[in-house]
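Any value given below was found using the heavy atoms of this structure, including those in side chains, with hydrogens, waters and symmetry copies removed. What you see is a predicted model, and the numbers here were worked out from it, not measured in a lab.
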Amino acid sequence: LCHLNGWSDLYPVDNVERRARIDEYLFWHQENTRMITAGFFRPLLQSSFKKITDWDPYDLATHRKVAMNALQHIEQHRLARQKYIVDDALSIA
């Protein structure tokens, strides 16, 4: 969408290195930060029709561990060094 709409301030056209860092985070995000939903929010949202005994405790613990590790990584390795996820400028990451 950024490329299609010319939003080069959020996803640069001419800065390949910055675009690669944005892409790197977006791909990492797919597997890691989505576990926040699977580990914490989905059980709460589905509690009206799904009992806690219906959840696999191993899966739930795994999702929560991945989610917490992802949040820790973002805070300690990304936001500790710069203002935003990729650098000090706003992007789609």
Is there a donor-acceptor contact under 3.5 Å from the side chain of [X] to the main chain of [Y]?
X	Y	value
Arg42	Thr37	no
Gln82	Ile85	yes
Asn5	Trp7	no

ILVMFWY network linking Ile74 to Leu90, side-chain heavy atoms under 4.5 angstrom: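 Hydrophobic grouping puts Ile74 with Leu90.
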With a 4.5 Å heavy-atom cut-off, do [X] and [Y] have their side chains touching?
X	Y	result
Leu71	Thr33	no
Arg18	Tyr11	no
His63	Phe40	no
Asp87	Arg21	yes
Asp14	Ser8	no
Met35	Arg64	no

Looking at every heavy atom in both [X] and [Y], which two are closest together, and how far apart are they?
X	Y	value
Ala93	Leu26	CA-CD2, 4.2 Å
Ile22	Ile92	CG2-CG1, 3.7 Å
Phe49	Leu45	CE2-O, 4.4 Å
Ala38	Pro43	O-CD, 3.6 Å
Arg19	Val13	NH1-O, 2.9 Å

Spacing of [atom1] belonging to [X] relative to [atom2] belonging to [Y], to within rounding of 0.5 Å:
X	Y	atom1	atom2	result
Glu17	Asn15	CD	CG	6.5 Å
Arg81	Gln76	CZ	CD	11.0 Å
Lys65	Leu60	NZ	CG	14.0 Å

Does [atom1] in [X] sit with more than 12 non-hydrogen atoms of other residues, nucleotides or ligands closer than 6.0 Å?
X	atom1	answer
His3	NE2	no
Leu1	CG	no
Glu31	CD	no

